[in-house]
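Following: one structure in structure tokens, then a few remarks.
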Amino acid sequence: MTRYFPKEIEEKWQKEWQEQGIYKFDLEKGSKGKYYNLVELPYPSGDLHLGHWFAFVPADAHARYKRMSGYRVFFPNGFDAFGLPAENAAIKRGIHPKDWTMKNIETMTGQFATMGTMIDWDYSAITCLPEYYTWNQWIFLKMFEKGIAYRGKALSNWCPVDQTVLANEHIEGGRCWRCGSEVVQKEVEQWFLKITDYADELIWSQPPQAQWPRQVREGQNNWIGRSEGMLLNFEIVEKARKDNKNKEYIQVFTTRPDTTDGATFLVVAPEHKFVAKILAKEISEYVRKAQRKTEMERKEDRVKSGVFTGKYVINPVTGKEIPVWVSDYVLAGYGTGAIMAVPYADERDREFAEKFKLPIIKTSFKAKPKGEKKINYHLRDWSISRQRYWGTPVPIVHCRRCGLVPVPFKDLPVELPYNVDYTPKGKPPLATDEEWLKVKCPRCGTEGAKRDAETLDTFFDSAWYFYRYVSPHFGDLPFDKSKVSELMPVDVYFGGSEHTLGHTLYARFFTKFFKNLGLVKFDEFAKKRVQHGVILGPDGNRMSKSRGNVVNPDDVVREYGADTVRLYLCFMMPYEATSPWSSGAISGIYRFLKRVWDLGEKIEKVDLTVSDLTMMHKTIKKVGDDLNTFQFNTAVAALMTWLNYLSVKKVSKEEYETYLRLLAPFAPHIAEELYHSKVLSANSVHLENWPQYQDKYLVEEMLQIVVQVNGKLRDTIGIQNSEVKNQNYVQDRAVNSERVAKYLNGQNIRKVIYVEGKLINFVV
RNA sequence: GGGCGAGUGGCGGAACGGUAUACGCGAUAGUCUCAAAAACUAUUGGCUGCAAGGCCUUGAGAGUUCGAAUCUCUCCUCGCCCACCA
């Protein structure tokens with residue numbers, strides 16, 4: 001009797017599968033339609049961690065199940081290879097970001113192999129290679145052409161350590177999501193994408209067009225934050241002026257124009273242009289103080305502060321003069337940067353009014369001021385400029401005569417030069433490379449024009465990578481339209497909840513832009529989104545090096561084998577849950593696989609009883625249904641239950657063969673090994689069909705009927721399946737049960753509820 | 001403050017409105033062993049009882065129902081995301 005040595009068989013089969021190419025994607029092979037199985041592409045940080053395993057393994061089990069069920073499953077993967085961490089690591093260690101990144105990709109690709117997935121690496125994309133980022137530039141130029149990409153100036157989140165602008169989405173509690181330093185506000189000229197043009201299209205309709213989790217749909221809708229309201233003009237009171245000409249106004253945005261009669265003062269943001277005109281010392285001091293505050297401090301500082309400007313405006317509904325105040329609780333970036341304060345109806349306004357003793361009067365909620373209807377969005381245009389080296393160069397030339405000139409398509413790519421001093425200096429690293437920087441203007445031919453020295457946000461790269469996968473070497477367009485129409489949209493997109501407001505929203509935006517260009521025909525790039533949870537450290541905290549609670553998958557694989565790790569990840573929690581790793585529980589999984597292994601020794605020639613068949617067919621159904629609906633934990637539990645059943649009886653070859661097919665998506669190596677050595681098959685288990693269950697075997701011969709009196713369980717009785725339709729028979733049997741008779745005890749039976757094959761309840 | 005979600009054994013977690021605690025971990029006892037590990041067998045929600053059994057139990061409380069972990073309402077606690085968005 002051989003023992004289960006995972007290491008040997010796993011390495012053997014990984015090699016064999018590779019050589020035989022059993023996972024090569026073939027659109028022609030399979031009885032059913034295509035199935036695009038996608039997992040968020042990983043960042044090449046150095047090593048695969050447990051999070052990667054948790055993202056990919058259940059997704060792989062799902063893909064394998066779909067493939068065995070006859071779908072033509074497309075499961076590619078790539079690397080999101082540009083970005084700050086490479087640059088920071090490179091600066092720290094003195095290695096070039098490209099070398100660091102490519103080395104990590106090599107390491108991680110090797111680690112991926114140990115996972116035993118069916119990923120077909122012939123379809124892949126590495127975003128830092130010119131073959132990929134050429135098409136970033138192409139898309140950018142199309143966006144520039146359509147006015148979606150534009151150069152603008154804006155107060156921006158600036159990370160002083162990383163020396164770059166940050167998108168709103170990348171600030172966590174006022175700090176840079178990468179380095180954790182405090183973000184400050186700085187006026188910077190930069191490239192934007194007009195995602196706000198698509199704000200309405202990006203709002204999820206009711207009912208949704210695609211199967212995305214409610215949490216994501218609601219989250220995105222809130223982030224887009226559409227609000228309908230009105231722009232109202234408040235005339236500035238100018239005592240010196242006699243005539244009616246040249247009136248000046250402060251414009252406010254409100255969603256409740258009906259409360260205008262309760263507006264007893266106006267508040268403007270410190271950055272508002274009205275404030276700059278007032279020269280009072282007190283005011284400029286307040287403004288300076290507010291501007292010096294970091295985002296962090298403004299948020300922490302819940303006590304309202306402010307100063308009176310000394311100016312008044314006229315409430316258009318009441319005609320009364322009301323004072324204008326400055327306060328930083330009004331945001332410069334939203335609406336018009338000025339509000340009418342209705343302390344009676346708005347809690348924040350009331351707080352302010354109470355603190356500064358301003359009048360609070362009742363509103364009728366019936367006011368009808370004149371104004372322009374206006375829809376405001378919380379969503380801002382997406383800042384894509386990064387003043388860093390390791391990214392896609394912006395394909396624009398700055399010419400003194402022509403201004404912003406796009407690099408002609410035929411001259412793409414604008415390659416990222418290798419030898420550049422990329423240590424932070426307060427200006428983009430590419431701007432220090434004079435030789436690269438200086439070009440002739442592509443439009444007028446003037447010498448001394450300059451390339452744009454900024455690089456694109458890496459979220460630009462990842463907003464469309466899944467299109468590239470289908471034709472990774474295509475040279476005419478970002479992707480082969482015919483391939484995309486065959487394989488897209490993605491059927492299921494696995495990933496983490498941290499991408500609700502960033503990545504997945506951008507990806508949807510790009511798809512809508514592609515549709516406008518006529519490149520695709522669908523509205524959503526993914527039909528279904530499945531979000532996994534987080535594996536915490538054994539101590540229940542998030543894994544971190546500083547806590548010392550990090551579990552390294554390589555170590556666990558070395559101890560138990562990949563199949564055990566895979567099965568454990570599927571079994572220990574629902575896919576969307578966040579739960580701690582348990583080093584005890586994984587040994588139970590290893591024990592389980594050893595029992596599956598040993599069961600192979602027991603195969604005999606035996607006839608299957610009806611209950612054997614029922615058990616088998618029920619398990620086939622349960623495991624298949626659960627794999628289909630991403631309930632991996634209960635699928636594994638069903639396999640365990642069947643194993644417990646098989647362990648105490650004689651096992652037929654048919655049962656064992658079926659067992660291995662059901663196990664194959666979860667534990668591909670051991671299933672393959674036993675399929676050859678014990679079932680004596682010449683074929684790979686992974687090329688077999690998923691077993692079919694038959695309805696006739698799903699019902700047990702003897703049914704256990706629950707007998708209740710007044711809804712309380714009093715007995716269970718066994719009834720032949722053939723008799724369950726006969727209520728009188730069942731009722732007779734139930735009444736005659738001693739334990740039930742005790743409770744009925746001659747009382748009047750007022751009502752009998754019979755649920756066929758399940759339960760009978762006497763109401764007395 | 002807003003949104004989404006969750007509260008079930010010692011732990012991770014199962015349960016189309018119909019036998020709550022599947023499956024796994026852990027624990028206890030036993031078999032095997034010189035011993036230990038491994039493996040195997042049995043027990044394992046609580047209270048009560050010699051036992052048969054009885055009663056209670058899904059964060060708290062109410063409601064709907066023949067019947068509620070599941071549906072409704074109120075409250076409490078926790079998690080995630082967003083947040084002075086007018």
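Here the structure is a predicted model, which is why all the values come from computation and not from measurement. Here is the naming used below: chain letters follow the sequence lines, and residue numbers restart at 1 for every chain.
Heavy atoms of A/Arg217 sit nowhere under 4.0 angstrom from any nucleic acid atom. Across all strands, A/Ala637 comes closer than 4.0 Å to base atoms (heavy-atom distances). Here A/Asn644 lies in heavy-atom contact (under 4.0 Å) with sugar-phosphate atoms only. Within 4.0 Å of A/Gly584, counting heavy atoms only, lie sugar-phosphate atoms of the nucleic acid but no base atom. Using a 4.0 Å heavy-atom cutoff across all strands shown, A/Arg714 reaches sugar-phosphate atoms only and no base atom. Residue A/Gly588 is in sugar-phosphate contact alone, with no base atom involved, counting any heavy-atom pair closer than 4.0 Å across all strands shown. Among the atoms of the strands shown, none is found under 4.0 Å from any heavy atom of A/Pro580.
Going from atom CD of A/Glu228 over to atom P of B/A86 covers 12 Å, rounded to whole Å. Atom-to-atom, CG of A/Leu713 to P of B/G54 comes out at 10 Å; the value is rounded to the nearest Å. Between A/Asn222 atom CG and B/C81 atom P the separation is 15 Å, expressed in whole Å. Per the geometry, CZ belonging to A/Arg226 stands 23 Å off P belonging to B/C82, to the nearest Å. Straight-line distance from the CD1 atom of A/Ile589 to the P atom of B/G13: 14 Å, rounded to whole Å. Regarding A/Gln631, its CD atom lies at a distance of 9 Å from the P atom of B/C16, rounded to whole Å. Between the C1' atom of B/C81 and the NE2 atom of A/His499 lies a distance of 14 Å, rounded to the nearest Å. Protein atom CZ of A/Phe571 is 17 Å distant from nucleotide atom P of B/C11, rounded to whole Å.
B/G46 and B/U21: their C1' atoms are spaced 13 Å apart (whole Å). Taking the C1' atom of each, B/C50 and B/U57 are spaced 26 Å apart, rounded to whole Å. When the C1' atom is compared between B/C4 and B/G12, the two are found 24 Å apart, to the nearest whole Å. B/U77 and B/U28 are spaced 34 Å apart, taking the C1' atom of each and rounding to whole Å. Taking atom P on both nucleotides, B/A6 is separated from B/G13 by 13 Å, rounded to a whole Å. Going from the P atom of B/U70 to that of B/U19 covers 14 Å, rounded to whole Å. Nucleotides B/G3 and B/G9 are separated by 29 Å at their P atoms, to the nearest Å. Annotation: B/G18 and B/A27 have their C1' atoms spaced 33 Å apart (nearest Å).
The 5' end of RNA chain B is approached more closely, in terms of each residue's nearest nucleotide, by A/Met572 than by the other of A/Phe762 and A/Met572. Toward the 5' end of RNA chain B, the nearer of the two residues A/Glu347 and A/Val763, judged by each one's closest nucleotide, is A/Glu347.
With 3.5 Å as the limit, one finds a donor-acceptor pair spanning the side chains of A/Gln220 and A/Thr504. No side-chain N or O of A/Asn376 forms a donor-acceptor pair with one of A/Ser227 less than 3.5 Å apart. A donor atom on one side chain and an acceptor atom on the other are not found under 3.5 Å apart for A/Tyr568 and A/Ser582.
Geometrically, A/Lys304 engages A/Tyr329 in a cation-pi contact, judged by NZ or CZ lying under 6.0 Å from the ring centre and within 45° of the ring axis. By the 6.0 Å and 45° rule, A/Arg566 does not stack over the aromatic ring of A/Phe666.
In B/G13 the O4'-C1'-N dihedral to the base is more than 90° from 0, which defines an anti nucleotide.
Pairing partner, B/C32: none, since no Watson-Crick or wobble contact has both distances short of 3.5 Å. Across all strands shown, B/U74 forms a Watson-Crick or G-U wobble pair with B/A60, both key distances being under 3.5 Å. Applying the Watson-Crick and G-U wobble criteria (two distances, each under 3.5 Å), B/A69 pairs with nothing in any strand. Both distances falling under 3.5 Å, in either a Watson-Crick or a G-U wobble arrangement, occur for no nucleotide opposite B/A38. The base-pairing partner of B/A14, taking Watson-Crick or G-U wobble contacts with both distances under 3.5 Å, does not exist among the strands shown. The partner of B/A20 cannot be assigned: no Watson-Crick or G-U wobble pair with both contacts below 3.5 Å exists in any strand. Remark: B/C80 base-pairs with B/G3; criterion is Watson-Crick or G-U wobble with both hydrogen-bond distances under 3.5 Å. Shown here, B/C55 forms a base pair with B/G46; the pair counts as Watson-Crick or G-U wobble because both key distances fall under 3.5 Å.
Comparing B/G13, B/C4, B/G26 against the side chain of A/Pro574 picks out B/G13 as the nearest.
Phosphate contact (OP1/OP2 of B/G17, side-chain N/O of A/Lys758, threshold under 4.0 Å): absent. Taking only side-chain nitrogens and oxygens, A/Tyr743 comes nearer than 4.0 Å to OP1 or OP2 of B/G54. Distances shorter than 4.0 Å separate none of the side-chain N or O atoms of A/Asn633 from OP1 or OP2 on B/C23. For B/G24, neither phosphate oxygen OP1 nor OP2 lies less than 4.0 angstrom from any side-chain nitrogen or oxygen of A/Arg591. Dashed line: the shortest gap from a side-chain N or O of A/Asn221 to OP1 or OP2 of B/C4 is not under 4.0 Å.
Using a 4.0 Å cut-off between a side-chain N of Lys or Arg and a carboxylate O of Asp or Glu, A/Glu655 and A/Lys602 do not qualify as a salt bridge. In this structure, A/Glu700 pairs ionically with A/Lys618, as a charged nitrogen and a carboxylate oxygen lie closer than 4.0 Å.
One can find a donor-acceptor pair under 3.5 Å joining the base of B/G18 and the side-chain atoms of A/Gln708.
You'll find the ring centres of A/Tyr575 and A/Phe630 outside the 6.0 Å limit.
Distance check, rounded to the nearest 0.5 Å: OG1 of A/Thr264 to CD1 of A/Ile322 gives 7.0 Å.
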